[in-house]
Amino acid sequence: MTEYDPQAGGPVYDPQAIEAKWQKRWAEARVFETEMDASKPKYYVLEMLPYPSGTLHMGHMRNYAIGDVVARVKRMRGYNVLHPMGWDAFGLPAENAAIEHNTHPRAWTNNNIAEFKRVLQLFGFSYDWRREISTCEPEYYRWNQWFFLRMLERGLAYRKKSRVNWCPKCATVLANEQVVNGCCWRHEDTPVEAKEIEQWFLRTTAYADQLLEDLKQLEGGWPERVIAMQRNWIGKSQGATIQFAVADLAGAGTIEVFTTRIDTIYGASALILAPNHPLLAKLLAGSPARADAEARVAKMRQMSVKAEDVATAEKDGFSAGRSAVNPFNGAKIPIWVGNFVLMEYGTGAIMAVPAHDERDFEFAAKYGLPKPIVVQPREGVPLTGSTLEAAFTEYGASVNSGPYTGLESAAAIEKMAADAEVKGFGKRETVFRLKDWGISRQRYWGTPIPVVYCGKDGLVPVPEEQLPVLLPPNPKLTGMGESPLAAEPSFVNTTCPRCGGPARRETDTMDTFMDSSWYFYRYCDPHNDKAPFDSAKVGYWFPIDQYIGGITHAILHLLYSRFFCKVMRDLGLIRHGEPAARLFTQGMVQKGGVAMSKSRGNVVGAEEMARKYGCDTGRLYTLFAAPPEKDLEWSAKDIEGCSRFLNKVFRLVERHAAKLQAAQPTTDSASATEAEKALVRKTHQTLRRVTQDFETRWHFNSAIALIMELLNDVQAQAPLEEKIRAGSLKEILELMTLMLAPMVPHLAEELWEMLGHANGLRNERWPEYDAALAKEVEVEVVVQVNGRVRGRIRVAAGLSEEEVVARAVEEKGVAQHLDGKRVVKRIVVPDKLVNLVVA
RNA sequence: GCCCGGGUGGCGGAAUGGCAGACGCUGAGGACUUAAAAUCCUCCGGGGAUUUUUUCCUCAUGUGGGUUCGACUCCCACCCCGGGCACCA
């Protein structure tokens, strides 16, 4: 590794040689392989598993660098650390790439995995590679199928028709993300249609309340915004459902309406149904407006289901020609159909209260419906029908509301809901925004859904002993039409497990979020072929102590994982109710203001950086350039600075190492010079603050800055060998090395060896700072007059208040500002500051 | 519209009620060198005064108020930027 540098007269820092050397030693000594060990506290640190997509760039690298620092610090702290890595290997990009390059998704995926793994290993991340998993392997996905069957047994998996985005040219379902400006992403002139097709769903709504409630357990451990986003997504509303009888139509029954503002029901001037409301056909039967109405409904149904299109669409509606009866006062109100009423939420019908709801106001204004006022603001100008310019949606006092007139809104809601229950035309209800999780995908590269359809027995689950249902090896992939599995007769045609007769397999595959919902349990027991995992092993390692990943997964992956966790707990497989005690969402690495990604073509390859500067420098850069939770803009110049720093550290140690190898580190300061004492003090102060930054704040950027400062202080003491005795210098350099070890592990190992240690860092513990050595003997105290800095004095640490003030008032700049004035108050912060308040 | 973040030099950022701008980058000047690279040293928020390589004053952390001896930090209101959800009844 050591080339001779004629200028410096010694070996130069050669990161590639050092890194290869230590990675080889770590592998030989199996340093990062972990087993259960009851004698140590456990620590499970995990970075979200990557989708292997080609180039491993600095954005990926940052994520793993953060996790690796945590893993290495915890090891130095004496924890038994589980730190695994695997591959989220199924998914659409592999299938599209396979079509484009005329290859097989498996070949494409495995190439990418090999590439990712090679680069991760080049960076020396401290993974236990024996635990590696790949979700596209049958040994893994058979357990997706197993979980699916367990959910099917419990009624948590079911089939239903649902409204989806449909491209008529592709003849397939599109994800919301694949709808661009209302059209198919591949056929930009083809509007996406809303279509109802049969799909598999997982009943996430069965856990809506728990998913919401348990967020409280995560407070403090998860970022607030992730908790807020999940709460938002689950969207709990409490209210009441009210039954409105249909007037003048025998046998039409009642229309159910959900409302959170039952107190405004006396102001309802219409009922509005969703265009696909099941009762609509009955209401329109025999009506003269029927043909026209059906055409309008058909048009409304074609509207895109994309959220922002729906939100901005103009309100549209028509009268159904019928009326309903307000159960509170018997008033007849007309029934309308409106495009803004969603069948998917609540009951698919609303009561329109134009005076007290913005949407209803807009609808009523367009169609000339009355806007009776039934709530008045508690203060300010009362509302009148002629001056009402916008809906008043706040709480106030009920008016024109029969027996409830005069009640405050909250009291009216309570009383009216209770009365509705007593009288039997309504009940209190809680509604969630969360929908069941649609998992069917008409794609090849995913887990086959393990059910068959038999002409005689109907839907039959594949028996557990027949798992895995394997993907057919050589599919015809076109990216069009239904699932590629449907075109494989050898896959589709099977026998019914129940009657032995001919049957068809389900040809849809599972959403790949299934794969990533439970992968972290598999790491605990990756080669189990009898069960997804051994509960005892998971019991030892779980919950994940620290989960690290991008904010992009704040809802989908993390919500599905939480759902799986609760289902698994109810299946008796695990005992905990939340998968991860702490979550950290790191910022993205950007270039040109946008996240690095292959599709944008703005990636800076991690390998390229490792070749140019060494992987330790690459790691240090991502840790130093910004606090880990913030986005960071890639800078080629800043990484140069990090490289300079590590070079300086290397040269410093290299220059003195030979003389220090035999020395004993010493903390004896009796005969030390002032410079030496100051440097030892600085070292221990740095250690104290770096320890804090690692343990409690994760301010790696500040920790690195502190070590840089220490290095600058050491270098300011030239010539070092004259000013600092060998024992002290060794102590200083060793502590510096240990502090750097979690962030630049290869260089730290090399420095440690240069300092005379033969056994590497693997058994070294994180050092404790020495409070006595860190203590300042002399401090600079700031002197303020009326809160403004007027001078600084150097005094012995711990000097009494009286003495400090006595010294302070003598200070030239201070005295000048005190001249002729009376000190009315003085504030003394020991060893820090004096503030004299003068009148 | 609702819910989260966030606004500090030329740039990334530091400072968790006590010296605003640590540390790094960029830039300027210098040393070494035949030269370059590397390395090392000095300076680097604005305005002003001054006895001008000195000493000091003053303004400055999105804006305006407030609390406090003291506010980048806490409170209130507003502006701007980023993200999430969005006819959710």
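Letters go in sequence order (proteins before strands), and every chain restarts at 1.
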query: Nearest-Å distance, CD1 (A:I272) to P (B:rC88)?
result: 13 Å
Ignoring hydrogens and angles, write down the donor-acceptor pairs under 3.5 Å from the side chains of residues 550-557 of chain A, residues two or more places apart or on other chains.
{"from": "A:H557", "atom 1": "ND1", "to": "A:S516", "atom 2": "O", "distance (Å)": "3.4"}
{"from": "A:H557", "atom 1": "ND1", "to": "A:S561", "atom 2": "OG", "distance (Å)": "3.3"}
{"from": "A:H557", "atom 1": "NE2", "to": "A:Y547", "atom 2": "OH", "distance (Å)": "2.7"}

- request: Give A:E780 one of three labels, base, sugar-phosphate or nothing, depending on what nucleic acid heavy atoms sit under 4.0 Å from its own.
  value: base
- request: Please check the phosphate of B:rG12 (OP1 and OP2 only) for any side-chain N or O of A:N701 closer than 4.0 Å.
  value: no
- prompt: Checking all strands, does A:V341 fall into the base, sugar-phosphate, or nothing category for heavy-atom contacts under 4.0 angstrom?
  reply: base
- request: Tell me what A:T260 touches on the nucleic acid: a base, only sugar-phosphate, or nothing, going by heavy atoms under 4.0 Å.
  value: sugar-phosphate
Stretch residues 619-627 of chain A: residues that reach within less than 4.0 Å of RNA chain B through a heavy atom: A:F624, A:A625, A:P627
- prompt: Does A:S237 have a side-chain nitrogen or oxygen under 4.0 Å from the phosphate oxygens OP1 or OP2 of B:rA89?
  reply: yes
Base of B:rC85 paired with side chain of A:N232 (donor-acceptor, under 3.5 Å): no
task: Check every atom of B:rC23, B:rA89, B:rC19 against the side chain of A:T259 and return the nucleotide holding the closest atom.
output: B:rA89
task: Can you tell me the distance, in whole Å, between the OH atom of A:Y345 and the C1' atom of B:rC88?
output: 4 Å
- prompt: Can you tell me if the side-chain N/O atoms of A:N835 get under 4.0 Å from OP1 or OP2 in B:rU68?
  reply: no
field: Base-pairing string, 5' to 3', of RNA chain B - Watson-Crick or wobble, under 3.5 Å, | interstrand
entry: (((((((..(((.....[....))).(((((.......))))).(((((.....)))))..(((((..]....))))))))))))....
- prompt: Contact class for A:V789 (heavy atom, under 4.0 Å): base, sugar-phosphate, or nothing?
  reply: sugar-phosphate
message: It should be established whether A:R788 places a side-chain nitrogen or oxygen under 4.0 Å from OP1 or OP2 of nucleotide B:rC59.
response: yes
Glycosidic class, syn or anti, of B:rG24 using a 90° window around 0: anti
- prompt: So what does A:N712 touch, heavy atoms closer than 4.0 Å: a base, only the sugar-phosphate, or nothing?
  reply: sugar-phosphate
- line: Quick note, A:E709 side chain, CB onward, closest among B:rA22, B:rC57, B:rA86 is B:rA22
message: Assuming nearest nucleotide by heavy-atom distance, tell me which of A:K825 and A:K637 is located more 5' along RNA chain B.
response: A:K637
message: Base, sugar-phosphate or nothing for A:R790? Non-hydrogen atoms, less than 4.0 Å.
response: sugar-phosphate
query: So what does A:G235 touch, heavy atoms closer than 4.0 Å: a base, only the sugar-phosphate, or nothing?
result: nothing
- request: Would you kindly give the CG-to-C1' distance between A:D638 and B:rG13, to the nearest whole Å?
  value: 10 Å
- prompt: Under 4.0 Å: is that the gap between some side-chain N or O of A:R689 and OP1 or OP2 of B:rA22?
  reply: no
task: Considering just the side-chain nitrogens and oxygens of A:R697, establish if one lies under 4.0 Å of OP1 or OP2 belonging to B:rA15.
output: yes
